[in-house]
Protein chains: 2
Amino acid sequence: MSAQAYETVIEEIESMIRSKRLKLGDRLEGERALADRLGVSRTSVREAIRVLSTLGIIRSAPGSGPSAGAQVVADPEVALSASLRLHVAVDSLSVGDVIDARVMLESWAYRGLPRLPADLLQPARELLDAMEQADDPVEFHHLDTQFHLELVRLAGNPLVNAIMSSLRSSIESYVLDAAPRLEDWQAIATRLRAEHHAIVAGLSEGDGERAARLAEEHILAFARDAGLIS
Amino acid sequence: MSAQAYETVIEEIESMIRSKRLKLGDRLEGERALADRLGVSRTSVREAIRVLSTLGIIRSAPGSGPSAGAQVVADPEVALSASLRLHVAVDSLSVGDVIDARVMLESWAYRGLPRLPADLLQPARELLDAMEQADDPVEFHHLDTQFHLELVRLAGNPLVNAIMSSLRSSIESYVLDAAPRLEDWQAIATRLRAEHHAIVAGLSEGDGERAARLAEEHILAFARDAGLIS
DNA sequence: AGGTATCGTGTGGTCCAACCACAGCCTAGC
DNA sequence: GCTAGGCTGTGGTTGGACCACACGATACCT
């Protein structure tokens, strides 16, 4: 037995997924049954399930009934967010790296967009309206995150969406910490709102290239103001 | 105690990392000591360490001496690779999504590159030389992966490098499965080699834009040939 | 007959007390 | 001075025992 016990359990579950014996939404057999079938201890099965849970593949719930047990789910963000957050914490990734990656992602998403029907941009516009009222930096940032994510979502690539969301959340604490240090929050918020409208205008006119360039400058300028990059 | 036991352990370790009480390369206290200090069982501590290990933050080794114990490391790829691989397996992400993301990444990397000193491109050129001799599709693919990764590395963003590497490995099995189905492998390999040289030529002349466009078509054309996308 | 309180059962969550394999260190013996 | 052996602490694994939980069935009372 070269591989560790919990690894054999993961391999078994992954194999069941690949061979379609386990599909999205299916429930896994009980931990005790699985342990017995694979000839390992329940502890090892639990380690494996815990790992798959942090990878966003399985969700476990105690109790009984339809919602209980271990179920195959699809939550690609959890592992990405947790991993990035921790790697930024240990300084193996810098906040600047994350911001650069975000610029790449967002400008890619906008550049590829065709002229959009007005109703597709409606959710983003509503977020802009909400941001008009938001004076609190924390609330503003929250809406801002949703706004940018909503726009990237229009590109229709779920993987890019997951990465985008994870990038934001991995440096959220740094952004929020920086907010109070901003010189003139009101002035900056006003500028950010105007830039948001300009990006949406570009997209609604089918000028994804312009929106992309605006977004790049929008993101980098704020990051500079917040002292997140030099 | 609302949070689960293993979560409190993760929070404690993450807190130690954020406050720099734990730095890259440091060794964690023993599992038994940590369990005792936090008032949880060793089982829960082990679950937490196992999770952090799959997130690429901690590496554990049994035995004694300098290499033993749990150590803080920085391996951003492991979690990304595992997560993407499994999410592609459950069809929550498609191979096409992954390929599109890779095109984004690679073209971004090349577009941002200035004219490069010849020695920076030397490793890539050597991989091209090796690929001239590689007739076996598996060996060719292996070198191809290294080649593209080497070029992206020139952009100098470790996060992008990690994502790039994870994207490749998450769909590697699909690419390798598709290789035998290719109509005329020799002809395709010849074309791929020529395209590789053209990309390197673009970069060596400081024309990142051209290299990016060539890379986009290079990747998408092969994906179409291999039946990975339509 | 209809509602309601109760119990039974199976789930994951936690803990404990062992034992194993491993690798460095230290000591006794040559 | 050197080598072989045991000592010690590490993570890895196991079995068994509880717990809290939530559903479903059952028994009960009205």
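To find a chain, count down the sequence lines: A is the first, B the second, and so on, and within it residues start at 1.
The aromatic rings of B:Phe140 and B:Trp185 stand perpendicular to each other, their planes meeting at an angle above 60°, with 30° marking the opposite boundary. Ring planes of B:His196 and B:Phe147: tilted class, angle from 30 to 60°.
To the nearest angstrom, C1' of C:dC15 lies 17 Å from OH of B:Tyr6. A straight line from CD of B:Glu7 to P of C:dG13 spans 10 Å, rounded to a whole angstrom. The CD-C1' distance, from A:Gln4 to C:dA21, rounds to 12 Å in whole Å. The nearest whole Å value for the distance from the CD1 atom in A:Ile58 to the P atom in C:dG13 is 11 Å. The CG atom of A:Leu52 sits 14 Å away from the P atom of C:dG12 (whole-angstrom rounding). The distance between atom CD of B:Glu29 and atom P of D:dG9, rounded to the nearest whole Å, is 16 Å. We find that CD of A:Glu47 is positioned 8 Å from C1' of D:dG12, with the value rounded to whole Å. Spacing between atom CZ of A:Arg27 and atom C1' of D:dA22 amounts to 13 Å, rounded to whole angstrom units.
Salt-bridge formation is detected for the pair B:Arg18/B:Glu14: a Lys NZ or Arg NE/NH1/NH2 atom is positioned less than 4.0 Å from an Asp or Glu carboxylate oxygen.
Contacts of B:Gly63 with the nucleic acid, taken as non-hydrogen atoms under 4.0 Å apart, include base atoms.
Between the side chain of A:Arg42 and the base of C:dG13 there is at least one donor-acceptor pair of N/O atoms closer than 3.5 Å. Residue-to-nucleotide contacts include a donor-acceptor pair under 3.5 Å from the side chain of A:Arg32 to the base of C:dG12.
Distances from the side chain of A:Arg50 to the nucleotides C:dT14, C:dA23, D:dG11 place C:dT14 closest. Counting only heavy atoms from C-beta on, A:Thr43 has its side chain closest to D:dT14 among C:dG24, C:dG10, D:dT14. Nearest nucleotide to the side chain of A:Ser60, out of C:dC16, D:dG15, C:dG13: C:dG13. Side-chain proximity of A:Ser64 to C:dC16, C:dG10, D:dT14: nearest is C:dG10.
Each of B:Ala61 and A:Pro62 has a nearest nucleotide on DNA chain D; the 5'-most of these lies closest to B:Ala61.
With hydrogens and angles left out, the side-chain atoms of B:Ser60 and B:Arg50 include no donor and acceptor closer than 3.5 Å.
A close approach under 4.0 Å does not occur between any side-chain nitrogen or oxygen of A:Arg46 and OP1 or OP2 of D:dT14.
Between the side chain of B:His148 and the main chain of B:Ala215, no donor-acceptor pair closer than 3.5 Å is present.
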